[in-house]
Amino acid sequence: MIIVQLMGGLGNQLQQYALYRKMVRMGKEARLDISWFTQQDNKNKELTHRELELDRLDRLVYEVCTLEEKAQLIGSEGIAGRLRRKLLPGGVKWFRESEMYHPEIFEFEDMYISGYFACEKYYGDILYDLREKIQFPPSANPLQREMEKEIKSCCSVSIHIRRGDYLDEVNKAMFGGICTEEYYQSAIHYMLGMFPDAHFYVFSDDAAYARRMYQGDKYTVMDFNKGQDSFYDMQLMSFCKHNICANSTFSFWGARLNPNEGKVMIRPAVHKNSQVFEPERMYELWQGWTFIDRAGEIFAREER
């Protein structure tokens with residue numbers, strides 16, 4: 001049995017779900033472990049409060065592992081289980097992500113798998129299936145429906161700007177300084193070079209900053225989805241014809257759920273400051289994406 005640990009925010013949950021779906025489609029017996037969201041010691045490790053959000057999406061069906069199934073791979077919860085994992089690491093079937101891409105995980109038959117699995121190569125070949133299964137429930141806000149119509153009727157480009165928790169000192173060291181003003185301006189100019197009539201829809205957890213930075217007729221700041229309704233911003237991003245992402249899995253999924261066959265997807269060259277950008281490797285692992293570094297330099301395959 002393969003058990004994939006579910007953890008983090010909605011974007012990360014969707015990546016772990018996508019890996020689970022890939023395992024199922026390969027014919028493997030697979031489960032999701034959702035216990036991270038109920039264990040207080042895990043919650044305390046996160047600067048940002050996280051909840052299980054997969055259940056809010058329509059048509060999303062998955063199997064959850066039992067405590068017994070989990071214990072067979074990594075031992076039981078509590079002191080006894082922790083001692084087993086510490087003293088007998090070789091007897092524990094627990095794989096932890098440590099690289100951008102681990103092709104070996106598809107050879108596993110019995111393994112507990114932990115990680116975020118942002119790399120598109122894991123499940124890029126089943127995105128058509130994921131788009132069908134990842135459906136948002138109808139919003140009670142009439143603005144959502146109005147903006148959906150507007151976005152679908154024009155040459156719409158989403159821009160995602162994540163500030164909020166990325167400004168906290170711990171997160172800033174890991175994620176800060178990647179999506180610079182140079183990054184966004186370069187991405188906007190790149191889009192305008194291909195689509196002169198583009199209109200940019202700006203999504204951010206800091207609407208005041210977005211309104212200050214993006215003024216004029218070509219920009220619309222999307223600031224009406226708040227609180228638990230914030231996940232509808234991902235749906236609106238997916239309705240846009242093209243996407244400019246932050247170093248955030250939330251906007252990665254806005255682009256991935258976009259069904260437009262001719263879409264242009266832009267993301268930062270690196271997701272975290274600990275990463276080194278290797279263009280040829282990224283072209284392979286993130287097929288169809290365009291990359292821009294913090295200085296605004298563009299990396300795109302010539303065939304685009």
Problem - Validation row, ring centre Y214 to ring centre F200 under 6.0 Å - result: no
Handout entry: E104 CD: over 12 foreign heavy atoms closer than 6.0 Å
Key = yes
Practice task
Any chance you could lay out the salt bridge (Lys or Arg N to Asp or Glu O under 4.0 Å) test for R145 and E148, step after step, and finish with the verdict?
Solution key: CA-CA 5 Å; R145 294 187 291 276; E148 175 184 349; over 6 Å; no
Problem - Y232: partners by ring pair (Phe, Tyr, Trp, His ring centres under 6.0 Å), with sequence neighbours left out - result: none
Exercise for the section: Check whether more than 12 heavy atoms from other residues, nucleotides or ligands sit under 6.0 Å from atom NZ of K172, and answer yes or no. Expected result: no
Exercise for the section: Verify whether one side chain among N258 and N243 offers a donor that lies under 3.5 Å from an acceptor in the other. Expected result: yes
Exercise for the section: Using modelled atom types only, decide if a donor and an acceptor are shared between the side chain of N171 and the backbone of D165 within a distance under 3.5 Å. Expected result: yes
Problem - Atom NZ of K218: over 12 foreign heavy atoms under 6.0 Å - result: yes
Practice task
Please check if any side-chain donor atom of S35 sits under 3.5 Å from a side-chain acceptor atom of D33, or the reverse.
Solution key: yes
Exercise for the section: Starting from the C-alpha separation in whole Å, work towards a yes-or-no answer on ring-ring contact (aromatic ring centres under 6.0 Å, His included) for W253 and Y17. Expected result: CA-CA 12 Å; W253 277 100; Y17 168 80; 8.6 Å; no
Exercise for the section: Please step through ring-ring contact (aromatic ring centres under 6.0 Å, His included) for the pair Y123 and F117, ending with a clear verdict. Expected result: CA-CA 9 Å; Y123 36 77; F117 307 105; 8.7 Å; no
Handout entry: Polar side chain donor-acceptor pair, R256 to Q15, under 3.5 angstrom
Key = yes
Exercise for the section: Indicate, with yes or no, if the rings of W286 and F252 have centres closer together than 6.0 Å. Expected result: yes
Exercise for the section: For W36 and Q5, test the side chains for any donor-to-acceptor distance below 3.5 angstrom and give the result as yes or no. Expected result: no
Handout entry: Hydrophobic cluster (4.5 angstrom, side-chain heavy atoms) - remaining members for M174
Key = Y166, F175
Handout entry: H102-Y122 aromatic ring centre distance below 6.0 Å
Key = no
Exercise for the section: State which residue, out of F106, F108, Y112, fulfils the ring-ring contact (aromatic ring centres under 6.0 Å, His included) condition with F95. Expected result: F108
Handout entry: Steps toward salt bridge (Lys or Arg N to Asp or Glu O under 4.0 Å) verdict (R211, D223)
Key = CA-CA 10 Å; R211 281 193 293 270; D223 61 355; 2.7 Å; yes
Handout entry: Exercise: do Y201 and D233 side chains pair donor with acceptor under 3.5 Å
Key = no
Exercise for the section: Taking the side chain as every heavy atom from C-beta outward, state whether R31 and V4 have any pair of such atoms under 4.5 Å apart. Expected result: no
